[in-house]
K.L.:
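Structure in C-alpha cells, see below.
A quick note: this is a predicted structure, and the numbers were derived from the prediction, not measured.
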Amino acid sequence: MTDRLIIIGCYTPDSSGGGHGTGIAVYRQDPATGALAAAGEPVATPGPSFLAWHPTGRYLYAVVERTDGAVRGYAVDGAGLAPLGAEQPTGGSDPCHLSVDPTGRFLVTANYTSGSVSVHPIGPDGSLGDRTDLVRHAGSGPNTDRQEGPHAHQARFDPAGRYLLVNDLGTDTVTTYLLRDGRLVQQRAAQLPPGTGPRHLAFGGDDRLYLAAELGSTVTPATYQPQTGALSFGSPVPASGHDGVNYPSEIATSPDGRFGYVANRGANTVAVFGLAGEAVQLLAEVPADGDWPRHLVLSGDHLYVANQKSDTVTIFSRDTDTGALRQTGSVPVPSPACVLPTLG
C-alpha cells in the first residue's frame, strides 16, 4: 500500500457495545502533521470494535462484537476495503481482540463474555476458514460485578512470534500458549493479585512488558522469558494521578521502549510513563479532549486516541526525546473503538 492510512473501527447500533457508527472508517494520514482526512465512505459492518492487519498488509480483519461473535476479513486496495467471503463464527460471545500469527496462517480471537479464545485458518487469498480451535477459560475473581466468570480480553503474540499471551480480566491471569497447526497448547498461566482485572499489555522489548489493569487502575511491569513464555510481575503503579473511578483501556509503548502511554476512562486522560525495566514512573497526564478514551495507538511521531462516548479521535504530536504529548487536532468519528495505522 502506498497511502499512509489510519483505519478506525466504530461501534454500531447492532453491536453489543451499542453506538451509532457505520462500521470501519478509512482515513489518510498526513505524516508531517498527523492530520486525518476521510478516504471514501465507511464500510458497513456490525461492531468492528477491534482490528488487526495480516503481516503482508494486504488483508484486514475485524471482530463482530455481538452475542453470536464472529470475525470478518477484508482485502485492501488503496484506501478501499473489499469483503473476503462470509464472516466466520468464533464460537464465543462478544469478541473484543484479535491477532494474526506472524506466519500469516491463523487468526486468533479473544471472546470477552464467554471467556474463550478461538483460532481460524487464513487462506492464501486472505479469506478465513472454519474454526480450528476454541479454548474456554475457567475461574472467577473477587469483583462480583465484573469477575463472575472468565473474560478473555486480549490475545497477542510476543515480539518473536513464538508464544501467544492471553489476558483474562475475569480470572486475573495471563496465560501463555503455543499455536501448533491451528490449535492452542497451554504452556503456563501467570496469576495476578485478586481484583486486578488485566486488560491489555504492551512489550517494551523482547524481555519485558507492561500490563494495564482495568479493575485495579494500575500499570504493572513484568519480566518476560522469550524462550519459555514465563512471566514475573513487578510492583503495580497507579495508571492515573486523578481521584475517582478510573478504568484504563489501551497501553502502548514507544519504539525505543522508553515511554508508555495509557488511555484512562473516567479520568479521561492519556498518562505518559517513563519505562526502565521494572521502574515505571508517571511523567505527565494530559486531557484526552474527549469522553471515554477506549483505545490509542502510535503512528510515526503522532498518537491517536479514540474517544468512544464523545465521537472524536484526538491527535497528539509526540516528542521522541522526552515522550511528551501535545494536542494538534481532533476529528469527528462516531463511536470510535479502535485505531489502526498502516503497517510499516
K.L.:
Please determine if Arg183 and Asp181 form a salt bridge, counting it only when a charged side-chain N lies under 4.0 Å from a carboxylate O.
P.N.:
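Between Asp181 and Arg183 there is no salt bridge, as every charged N stays at least 4.0 Å from the carboxylate O atoms.
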K.L.:
So which atom in Tyr163 and which in Gln227 form the shortest heavy-atom distance, rounded to 0.1 Å?
P.N.:
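Scanning both residues completely, I find the closest heavy atoms to be OH-O, 2.9 Å.
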K.L.:
Please say whether more than 12 non-hydrogen atoms of neighbouring residues, nucleotides or ligands are located less than 6.0 Å from CZ in Phe203.
P.N.:
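For Phe203, atom CZ is crowded (more than 12 foreign heavy atoms under 6.0 Å).
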K.L.:
Hey, are Ser330 and Asp289 close enough side-chain-wise for a donor-acceptor pair under 3.5 Å?
P.N.:
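There is no such pair (donor and acceptor under 3.5 Å, judged by atom type) between the side chains of Asp289 and Ser330.
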K.L.:
I'd like to know if the side chain of Gln191 and the backbone of Thr171 have a donor-acceptor N/O pair within less than 3.5 Å.
P.N.:
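Pair found, side chain donor or acceptor close to backbone of Thr171.
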K.L.:
Examine the side chains of Arg4 and Ser299 and answer whether a donor and an acceptor come within less than 3.5 Å of each other.
P.N.:
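There is such a pair between these side chains.
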K.L.:
I'd like to know if the side chain of Ser254 and the backbone of Phe259 have a donor-acceptor N/O pair within less than 3.5 Å.
P.N.:
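Confirmed, Ser254 side chain pairs with Phe259 backbone.
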K.L.:
Please examine the side chains of Tyr74 and Leu84, heavy atoms only from C-beta on, and report whether any two atoms are closer than 4.5 Å.
P.N.:
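No; the side chains remain at least 4.5 Å from each other.
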K.L.:
How long is the straight-line distance from CZ of Phe316 back to CG of Leu298, given to the nearest 0.5 Å?
P.N.:
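The CZ atom of Phe316 is 11.5 Å from CG of Leu298, to the nearest 0.5 Å.
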K.L.:
Going by distance alone, is a donor N or O of one side chain under 3.5 Å from an acceptor N or O of the other, for Ser240 and Asn246?
P.N.:
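No.
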K.L.:
Hey, is the main chain of Thr320 close enough, under 3.5 Å, to the side chain of Arg318 for a donor-acceptor pair?
P.N.:
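Side chain of Arg318 to backbone of Thr320: no pair is present.
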K.L.:
Indicate yes or no for a side-chain donor-acceptor contact from His295 to the backbone of Val339 under 3.5 Å, with no hydrogens or angles considered.
P.N.:
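Indeed, once roles are kept as given, a pair shorter than 3.5 Å links the two residues.
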K.L.:
What I want to check is whether the side chains of Asn111 and Ser116 have a donor and an acceptor closer together than 3.5 Å.
P.N.:
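There is such a pair (donor and acceptor under 3.5 Å, judged by atom type) between the side chains of Asn111 and Ser116.
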K.L.:
Please report the shortest heavy-atom distance between Glu285 and Ala267, naming the atom on each side.
P.N.:
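Where Glu285 meets Ala267 most closely, the heavy atoms are OE2-CB, 4.3 Å.
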K.L.:
Any chance CD of Glu41 has more than 12 other-residue heavy atoms, nucleotides or ligands included, within less than 6.0 Å?
P.N.:
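Count not over threshold, so no.
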K.L.:
Please walk me through it: do Val262 and Tyr210 pass side chain to side chain contact (heavy atoms under 4.5 Å, CB included)?
P.N.:
CA-CA 10 Å; Val262 175; Tyr210 304 88; over 6 Å; no
K.L.:
Do Val286 and Ile251 belong to the same hydrophobic cluster, where Ile, Leu, Val, Met, Phe, Trp and Tyr are linked whenever their side-chain heavy atoms lie under 4.5 Å apart, directly or via other members?
P.N.:
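Val286 and Ile251: separate clusters.
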K.L.:
Rounded to the nearest 0.5 Å, what's the gap from CD1 on Ile8 to OH on Tyr27? Could you check?
P.N.:
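If I round to the nearest 0.5 Å, the distance is 5.0 Å.
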K.L.:
What I'd like to find out is whether the side chain of Leu275 reaches to under 4.5 Å of the side chain of Arg258, using heavy atoms alone.
P.N.:
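They are not in side-chain contact.
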K.L.:
Would you check if there is a donor-acceptor pair between the side chains of Ser16 and Tyr112 at a distance under 3.5 Å?
P.N.:
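Side-chain D/A pair, Tyr112 to Ser16: absent.
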K.L.:
Looking only at non-hydrogen atoms, find the nearest pair between Thr220 and Gly234 and report the distance.
P.N.:
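Scanning both residues completely, I find the closest heavy atoms to be CG2-O, 3.6 Å.
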K.L.:
Any donor and acceptor pair, going by atom type alone, linking the side chain of Thr176 with main-chain N or O of Gly229 inside 3.5 Å?
P.N.:
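Yes, the answer is positive, given that a donor and an acceptor are paired below the 3.5 Å cut-off.
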K.L.:
Is atom CZ of Arg188 surrounded by more than 12 heavy atoms (other residues, nucleotides or ligands) closer than 6.0 Å?
P.N.:
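More than 12 heavy atoms, drawn from other residues, nucleotides or ligands, come within 6.0 Å of this atom.
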K.L.:
Look at the side chain of Tyr61 and the backbone N and O of Gly126, then say whether any donor-acceptor pair between them is shorter than 3.5 Å.
P.N.:
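Yes, Tyr61 side chain to Gly126 backbone: donor-acceptor pair under 3.5 Å.
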K.L.:
Is the shortest side-chain heavy-atom distance between Arg28 and Leu5 below 4.5 Å?
P.N.:
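Yes, close enough: below the 4.5 Å cut-off.
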K.L.:
Tell me, with the steps shown, if Arg208 and Thr223 meet side chain to side chain contact (heavy atoms under 4.5 Å, CB included).
P.N.:
CA-CA 5 Å; Arg208 56 192 173 100; Thr223 300; 5.8 Å; no
K.L.:
Would you mind reporting whether Asp130 and Gln88 have side-chain heavy atoms less than 4.5 Å apart?
P.N.:
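When only atoms from C-beta onward are counted, Asp130 and Gln88 do touch, with a gap below 4.5 Å.
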K.L.:
When you measure from the side chain of Asn167 to the backbone of Arg199, do you find a donor-acceptor pair of N or O atoms at a distance under 3.5 Å?
P.N.:
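Answer holds: yes.
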K.L.:
Taking atom types as modelled and ignoring hydrogens, do the side chains of Gln187 and Thr228 form a donor-acceptor contact shorter than 3.5 angstrom?
P.N.:
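No, because no side-chain N or O of Gln187 sits under 3.5 Å from a partner of the opposite role on Thr228.
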K.L.:
Take Arg265 and Glu214 through the test side chain to side chain contact (heavy atoms under 4.5 Å, CB included) and record every step on the way to the result.
P.N.:
CA-CA 9 Å; Arg265 297 167 298 173; Glu214 179 170 340; 3.2 Å; yes
K.L.:
Side chain of His97, backbone of His153: donor and acceptor closer than 3.5 Å?
P.N.:
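Between the backbone of His153 and the side chain of His97 there is no qualifying donor-acceptor contact (under 3.5 Å).
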K.L.:
Does the side chain of Pro198 reach to within under 4.5 Å of the side chain of Asp172, using non-hydrogen atoms?
P.N.:
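Yes, close enough: below the 4.5 Å cut-off.
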K.L.:
Give a yes or no on whether the backbone of Arg162 and the side-chain of Asp158 come within a donor-acceptor separation of less than 3.5 Å.
P.N.:
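Confirmed, Asp158 side chain pairs with Arg162 backbone.
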K.L.:
Would you call the rings of Tyr177 and His137 parallel, tilted or perpendicular if under 30° counts as parallel and over 60° as perpendicular?
P.N.:
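Geometry flag for His137 against Tyr177: parallel rings.
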K.L.:
Supply the atom-to-atom distance Gln154 CD to Leu201 CG, rounded to the nearest 0.5 angstrom.
P.N.:
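It comes to 4.5 Å.
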K.L.:
Taking the side chain as C-beta and beyond, is there a heavy-atom pair between Thr12 and Pro48 under 4.5 Å?
P.N.:
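Side-chain contact under 4.5 Å: yes.
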K.L.:
How long is the gap from OG on Ser93 to CD on Glu65, to the nearest 0.5 Å?
P.N.:
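These two atoms lie 10.5 Å from each other.
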K.L.:
So, Asn307 versus Thr314: side-chain donor-acceptor pair below 3.5 Å or not?
P.N.:
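Judged by distance alone, the side chains do pair up.
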K.L.:
Taking all heavy atoms of Leu128 and all of His120, pick out the closest pair and write down the distance.
P.N.:
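Closest pair (atom of Leu128, atom of His120, distance): CD2-CB, 4.4 Å.
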K.L.:
Can Leu165 be reached from Phe157 by stepping across I, L, V, M, F, W or Y side chains whose heavy atoms are under 4.5 Å apart?
P.N.:
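Each belongs to a different hydrophobic cluster.
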K.L.:
Please name the pair of heavy atoms, one in Ser310 and one in Gly290, separated by the smallest distance, quoted to 0.1 Å.
P.N.:
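Smallest heavy-atom distance, with atoms named: OG-CA, 3.3 Å.
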K.L.:
Main chain of Gly205, side chain of Tyr224: is a donor-acceptor contact present, judged purely on distance under 3.5 Å?
P.N.:
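No, the answer is negative, given that no donor and acceptor are paired below the 3.5 Å cut-off.
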K.L.:
Roughly how far apart are Thr109 OG1 and Leu98 CG, rounded to 0.5 Å?
P.N.:
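Reported to 0.5 Å precision, the distance equals 5.0 Å.
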K.L.:
If hydrophobic clusters are built by linking Ile, Leu, Val, Met, Phe, Trp and Tyr wherever their side-chain heavy atoms come under 4.5 Å apart, do Ile24 and Val76 end up in the same one?
P.N.:
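Yes: a chain of side-chain contacts under 4.5 Å links Ile24 to Val76.
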K.L.:
Are Val100 and Tyr59 side-chain neighbours, meaning at least one heavy-atom pair lies under 4.5 Å?
P.N.:
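Result no, sub-4.5 Å side-chain heavy-atom pair not found.
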K.L.:
For the residue pair Ala252 and Leu296, what are the closest heavy atoms and their distance?
P.N.:
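Heavy-atom minimum between the residues: CB-CD1, 3.6 Å.
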K.L.:
Is there side-chain contact between Asp311 and Ser335, with at least one heavy-atom pair below 4.5 Å?
P.N.:
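Yes, side chains in contact.
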K.L.:
Give the C-alpha distance, both sets of side-chain angles, the deciding distance and a yes or no for side chain to side chain contact (heavy atoms under 4.5 Å, CB included) between Asp168 and Thr175.
P.N.:
CA-CA 8 Å; Asp168 196 303; Thr175 303; 6.0 Å; no
K.L.:
Under a single-linkage definition using a 4.5 Å side-chain heavy-atom cutoff for Ile, Leu, Val, Met, Phe, Trp and Tyr, are Val333 and Val305 assigned to the same hydrophobic cluster?
P.N.:
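No; tracing contacts between hydrophobic side chains, which count when under 4.5 Å, never links both residues.
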K.L.:
Do Leu51 and Val43 sit in the same hydrophobic cluster, where Ile, Leu, Val, Met, Phe, Trp and Tyr count as joined when their side-chain heavy atoms come under 4.5 Å apart?
P.N.:
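Leu51 clusters together with Val43.
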K.L.:
What's the separation between atom OH in Tyr304 and atom CD1 in Ile315, rounded to the nearest 0.5 Å?
P.N.:
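Reported to 0.5 Å precision, the distance equals 5.5 Å.
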